[in-house]
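For reference, the structure discussed in these notes is given below.
When reading the values below, keep in mind they use all heavy atoms of this one structure, side chains included, and skip hydrogens, waters and symmetry mates.
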Amino acid sequence: FPVTIHGTTIQIEVQPLPGNNQIGNTQTICNGSAIPILTGTLPTGGTLSYAYQWQTSSNQSTWTSDPAGVSSSYASLSIIGATYYRRIITSGVCAANTSNTTTITYLAPITGNAIGNSQTLCLGSSILALTGGIPSGGDGNFSYQWESSLNQVAYTPIFGANVSSYAPGAIAGSVYYRRIVTSFTCPSTSSGLEIRQDIPLGNNQIGVSQTICAGIPASLTGTPIVTG
């Protein structure tokens with residue numbers, strides 16, 4: 001608006017404070033997933049032309065400006081653990097406006113999900129319990145689900161088998177097992193192992209006793225073996 005001082009008219013522009021600077025929600029991301037793009041609301045106030053600066057922090061106390069973070073949106077970093085983000089906007093001569101803080105937690109990969117070795121046993125022998133390694137990574141909290149398969153392709157969850165180890169019941173033939181460990185919503189699937197219980201050899205009968213004269217060879221025969 002114009003102001004006249006001692007016969008001289010000067011123009012005074014009053015700019016509204018920049019505002020409406022909100023950025024996206026806190027997220028937890030599985031390791032290996034796409035890193036989210038942080039977006040913000042369209043600012044208001046100022047001259048309607050805005051400069052942006054994104055900042056990151058590991059503790060919400062010390063903030064670092066990213067030289068590449070100068071647009072309205074920002075590609076978050078794949079740093080394991082929690083990283084905090086905020087956006088600063090400037091427009092005209094008014095003081096900068098700092099957004100809310102949002103957190104991206106990028107989880108460590110799940111490791112330690114191994115379940116031991118395959119077993120080949122005779123039918124009726126006791127099957128050793130399947131024990132898995134102690135997992136680590138993720139958010140530190142883990143749930144378990146054991147699965148079985150007859151062909152190592154199509155696996156089916158085993159009802160009630162949701163602890164770290166599993167004791168299979170008696171089987172005939174081959175069954176494959178694996179363990180799925182989940183932390184937050186992030187799954188880790190172990191390699192499959194085979195447990196095979198073979199039918200014992202049977203029908204192993206040889207001929208009757210014989211009394212023969214010296215010098216005459218004896219001929220011994222047996223029944224066909226029934227294999228496992």
Side-chain angles (χ1 to χ4, degrees), residues 26-37 58 75-83 103-209 218-228:
T26 293
Q27 301 178 55
T28 299
I29 307 297
C30 295
N31 195 276
S33 299
I35 303 301
I37 302 296
S58 61
S76 57
L77 309 175
S78 56
I79 299 174
I80 291 177
T83 302
T103 310
I104 302 295
T105 302
Y106 191 62
L107 298 179
I110 297 172
T111 59
N113 186 22
I115 59 171
N117 300 318
S118 296
Q119 303 175 44
T120 300
L121 309 164
C122 287
L123 187 66
S125 299
S126 297
I127 299 175
L128 297 177
L130 305 180
T131 57
I134 299 173
S136 60
D139 67 359
N141 299 300
F142 305 98
S143 62
Y144 304 92
Q145 179 61 62
W146 290 84
E147 296 183 332
S148 64
S149 172
L150 297 177
N151 56 15
Q152 214 172 3
V153 176
Y155 278 85
T156 302
I158 302 171
F159 180 77
N162 50 17
V163 294
S164 60
S165 59
Y166 175 65
I171 62 172
S174 292
V175 178
Y176 301 89
Y177 296 90
R178 69 184 186 184
R179 185 180 74 170
I180 297 176
V181 174
T182 302
S183 181
F184 183 60
T185 59
C186 313
S188 168
T189 301
S190 72
S191 299
L193 62 76
E194 178 187 16
I195 294 182
R196 190 176 78 217
Q197 285 200 306
D198 292 334
I199 300 172
L201 298 176
N203 197 37
N204 183 23
Q205 301 292 323
I206 60 175
V208 297
S209 298
S219 177
L220 296 175
T221 59
T223 55
I225 299 297
V226 176
T227 59

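The distance from the OG1 atom of T111 to the CD1 atom of I134 is 11.0 Å, given to the nearest 0.5 Å. The CD1 atom of I180 sits 9.0 Å away from the CG atom of N113 when rounded to the nearest 0.5 Å. The CZ atom of F184 sits 7.0 Å away from atom CG of L107, with the distance rounded to the nearest 0.5 Å. Distance check: I115 CD1 to S164 OG gives 12.0 Å after rounding to the nearest 0.5 Å. Summarising the geometry, atom SG belonging to C186 is positioned 8.0 Å from atom CG belonging to N31; distances are rounded to the nearest 0.5 Å. Summarising the geometry, atom CG belonging to N141 is positioned 12.0 Å from atom OG1 belonging to T182; distances are rounded to the nearest 0.5 Å.
Using a 4.5 Å heavy-atom threshold, the side chains of I29 and P36 count as touching. Residues I195 and P168 have side chains in contact (heavy-atom distance under 4.5 Å, counting atoms from C-beta outward). Y144 places a side-chain heavy atom less than 4.5 Å from the side chain of V181. Residues L150 and V175 meet the side-chain proximity criterion, which asks for heavy atoms closer than 4.5 Å. In this structure, C30 and T185 have side chains that are in contact, with non-hydrogen atoms separated by less than 4.5 Å. Side-chain contact between I110 and P187 is absent, with no heavy-atom pair separated by less than 4.5 Å.
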### Task
Mind running side-chain contact (heavy atoms from CB on, under 4.5 Å) on L77 and Y106 for me, showing each step along the way?
CA-CA 9 Å; L77 309 175; Y106 191 62; over 6 Å; no
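Nearest heavy atom pair, residue G192 against residue Q152, reads O-NE2, 4.4 Å. Considering every non-hydrogen atom in both P135 and G133, the closest pair reads CD-O, 3.3 Å. Considering every non-hydrogen atom in both L121 and S126, the closest pair reads CD1-O, 3.6 Å.
At least one donor-acceptor pair under 3.5 Å links the side chain of S149 to the backbone N or O of A154. Using modelled atom types, one side-chain atom of Q145 and one backbone atom of I158 make a donor-acceptor pair closer than 3.5 Å. Panel note: side chain W146, backbone V163; a donor-acceptor pair is recorded below 3.5 Å. For T28 (side chain) and T105 (main-chain N/O), no donor-acceptor pair under 3.5 Å exists by modelled atom type. Side-chain N or O atoms of R179 include none that pairs as donor or acceptor with a backbone N or O of Y166 at under 3.5 Å. With hydrogens and angles ignored, the 3.5 Å screen pairs a side-chain donor or acceptor of Q197 with a backbone N or O of I171.
Remark: N151 CG is packed, more than 12 non-hydrogen atoms of other residues, nucleotides or ligands lying under 6.0 Å away.
S183 and D139 form a side-chain donor-acceptor contact under 3.5 Å, judged by distance and modelled atom types alone.
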